[in-house]
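Written below as structure tokens is the structure these notes are about.
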Number of protein chains: 2
Amino acid sequence: MLQMLANPAAPPAFPRVSPTAPDLRSASLSGPLLPPRTVVFLEGLARSPQYRVVDGCIATAQTLSDGRRQIIDLVGPGRLIGLGFGDQNRYSAETLGFTRLELVPDSLTPGERDQALSEMLARSQSLVMLLGRKTAPERVASALIDLALQFGRPARDRKRGAETFHLYPTRGDLADWLGLTIETVSRCLTRLKKAGLIDIRHGDLVTVLDQRELAGVAAGDRALSN
Amino acid sequence: MLQMLANPAAPPAFPRVSPTAPDLRSASLSGPLLPPRTVVFLEGLARSPQYRVVDGCIATAQTLSDGRRQIIDLVGPGRLIGLGFGDQNRYSAETLGFTRLELVPDSLTPGERDQALSEMLARSQSLVMLLGRKTAPERVASALIDLALQFGRPARDRKRGAETFHLYPTRGDLADWLGLTIETVSRCLTRLKKAGLIDIRHGDLVTVLDQRELAGVAAGDRALSN
DNA sequence: CGTAATTTTGAGGTACTTCAACTTCAGTGG
DNA sequence: CCACTGAAGTTGAAGTACCTCAAAATTACG
């Protein structure tokens, strides 16, 4: 699942782009609804404008010449993409699910830009720690906690701490984010389910059943039986 | 300010800290010469001022509660440390080798700060790609290329492309940077030496003998025989 | 020269990957 | 409604890259 896109350098296949591809730039404030797997901009091409995610989810990723893909970040509502580089994009951005973007003026206030850059840096450093020093179950648990924070809603369940969110990334996306393979991600999720820490319904609706235990797994305090 | 305190997680050996620890604050422009393994500031403590590395090398690192350490970046001359966070340090900073720091005013121009943050972000994202998707030999080769760029001098050798630099990080530091173990780093270096791509003299003087081949290994184009 | 720390090297173990088969699910058309 | 198809996910078995453990070799230093 390393290459979902064609060669990034060359004009890419635009999977499932609606025939009448909406022009983002023409949207004044809140743009059109982009279908899943829409490429917003591509690594290596001339620098794209900046967007704020209004609703949905964006994956930013870099790809090696041989096709290995690494997702740099999953970006949820309220956060920005497309800032912080020079004359060309340092990563690609793609929707994972129906997503609404909002064009952000190139001239953010220095404060806003600083804030956004700092947050991106902090998240990138967290990912470095995760990739460099955490085991597969720890990575998956950490990812779920992050996704719950970004995409979680108050949860319809009354259960204390139970939080439900829409899982935008596929197993392949999670693998490319967490430096694992699809199979390893799947196995970890299965074990988290069997341990009663999470539940997944309809394939993409995740409920965190035991937040403390999940955090324990993420921190390496709790093992995770087979 | 210099917080030469004990490591919060575990009581660390503080090798070779000079008895009369110099106070950075008293230095107006270019500070004193800090000995190796001097802790400049610590993760989790109140935010430290910002410094520019004048000469030597700084490692910035995060540590998990169980002691696993991940080096976030190795910082060479000209680059900044200590910026980009809120009220407390998000990582520790430590000298690897005799290092001279220069206090940087808290009020960088927005342009300077933006520039520095962007560079840190770019480097962090490169490290994410390295940790998530590169093999051990690729990681070590990539690291050497980065270190040659940061610490390399014109090389006394006439050889085209040959570049020599002082290897500040130990095998352990490299391992904590590259998400590997000491032994794996050592084995990769040995293989690079045997392949004639690099040479290491006196334990810490590295010469890149074949820049192209080394880049090939880093990119995964060239394998690396046993 | 002697001791300790670091690095190297080897042998064996394991967490994760790879390969392959099976299952589930969404969409499509009969 | 239900077979048919393809994509996504799961599960199992086997392989391997890297880790762990241990010891030897090298280097650093008093």
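Predicted model only: the values in this text are computed from it and were never measured. Below, chain A is the first sequence line, B the second, and so on; all start at residue 1.
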Quick one: [X] [atom1] to [N] [atom2], roughly how many Å, whole number?
X        : N      : atom1 : atom2 : result
A:Leu205 : C:dC25 : CG    : C1'   : 16 Å
A:Leu131 : D:dC18 : CG    : C1'   : 16 Å
A:Asp204 : C:dA26 : CG    : C1'   : 12 Å
A:Ile200 : C:dT24 : CD1   : P     : 16 Å
B:Leu178 : D:dC19 : CG    : P     : 11 Å
A:Ile182 : C:dC22 : CD1   : C1'   : 16 Å
B:Leu167 : D:dT27 : CG    : P     : 15 Å
A:Glu138 : C:dC16 : CD    : C1'   : 14 Å

Less than 4.5 Å apart, any side-chain heavy atom of B:Leu127 and any of B:Arg123?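 A side-chain contact is absent here, since even the closest heavy-atom pair is not under 4.5 Å.
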
Can you list the steps and then say if B:Arg37 with B:Asp173 is a salt bridge (charged side-chain N to carboxylate O under 4.0 Å, His left out)? CA-CA 11 Å; B:Arg37 301 295 156 182; B:Asp173 295 325; 2.5 Å; yes

Need one value for B:His202: base, sugar-phosphate or nothing, where a base atom within 4.0 Å counts as base even if backbone is also close, heavy atoms only.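 Sugar-phosphate, backbone atoms only, no base.
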
Mind checking B:Leu180 for me? I need base, sugar-phosphate or nothing, with any heavy atom below 4.0 Å counting as a touch.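 Answer is sugar-phosphate: B:Leu180 comes under 4.0 Å of backbone atoms only.
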
Under the side chain to side chain contact (heavy atoms under 4.5 Å, CB included) criterion, do A:Arg153 and A:Thr164 qualify, and how do the steps go? CA-CA 6 Å; A:Arg153 303 177 235 176; A:Thr164 297; over 6 Å; no

Look at the side-chain N and O atoms of [X] and state whether any lies under 4.0 Å from the OP1 or OP2 oxygen of [N].
X        : N      : value
B:Thr190 : C:dT9  : yes
A:Thr135 : C:dA15 : no
A:Arg171 : D:dT10 : yes

May I ask you to decide if [Y]'s main-chain N or O and [X]'s side chain share a donor-acceptor pair within less than 3.5 Å?
X        : Y        : result
A:Arg133 : B:Arg68  : no
B:Arg171 : B:Ile182 : no
A:Arg69  : A:Thr63  : no

Using rotation axes that map the C1' atoms of four end pairs onto the next four (five pairs an end), what angle separates the end axes of the helix from C:dC1-D:dG30 to C:dG30-D:dC1, to 10°?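 Rounded value for the end-axis angle: 30°.
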
Closest approach to the side chain of [X], judged atom by atom: which nucleotide of [options] is it?
X        : options                : value
A:Lys193 : C:dT8, C:dT17, D:dT10  : D:dT10
A:Glu183 : C:dT17, D:dA22, C:dA20 : C:dA20
B:Thr181 : C:dC16, D:dT10, D:dT20 : D:dT20
A:Thr184 : C:dT17, C:dT8, C:dA20  : C:dT17
B:Pro137 : D:dT11, C:dC16, D:dC18 : D:dC18

Can you say whether a donor on the side chain of A:Arg191 sits under 3.5 Å from an acceptor on the base of D:dT10, or the other way round? no

Assess whether one donor atom and one acceptor atom, taken from the side chain of A:Arg187 and the base of D:dG12, lie less than 3.5 Å apart. yes

Please compare B:Lys194 and A:Arg139 by the position of their nearest nucleotide in DNA chain C and report the one closer to 5'. B:Lys194

Nearest-0.5 Å distance that lies between atom CG in A:Leu96 and atom SG in A:Cys57: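 With rounding to 0.5 Å, CG (A:Leu96) is 4.5 Å from SG (A:Cys57).
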
Passes side chain to side chain contact (heavy atoms under 4.5 Å, CB included), B:Val128 versus A:Asp73? Steps please. CA-CA 10 Å; B:Val128 163; A:Asp73 203 357; over 6 Å; no

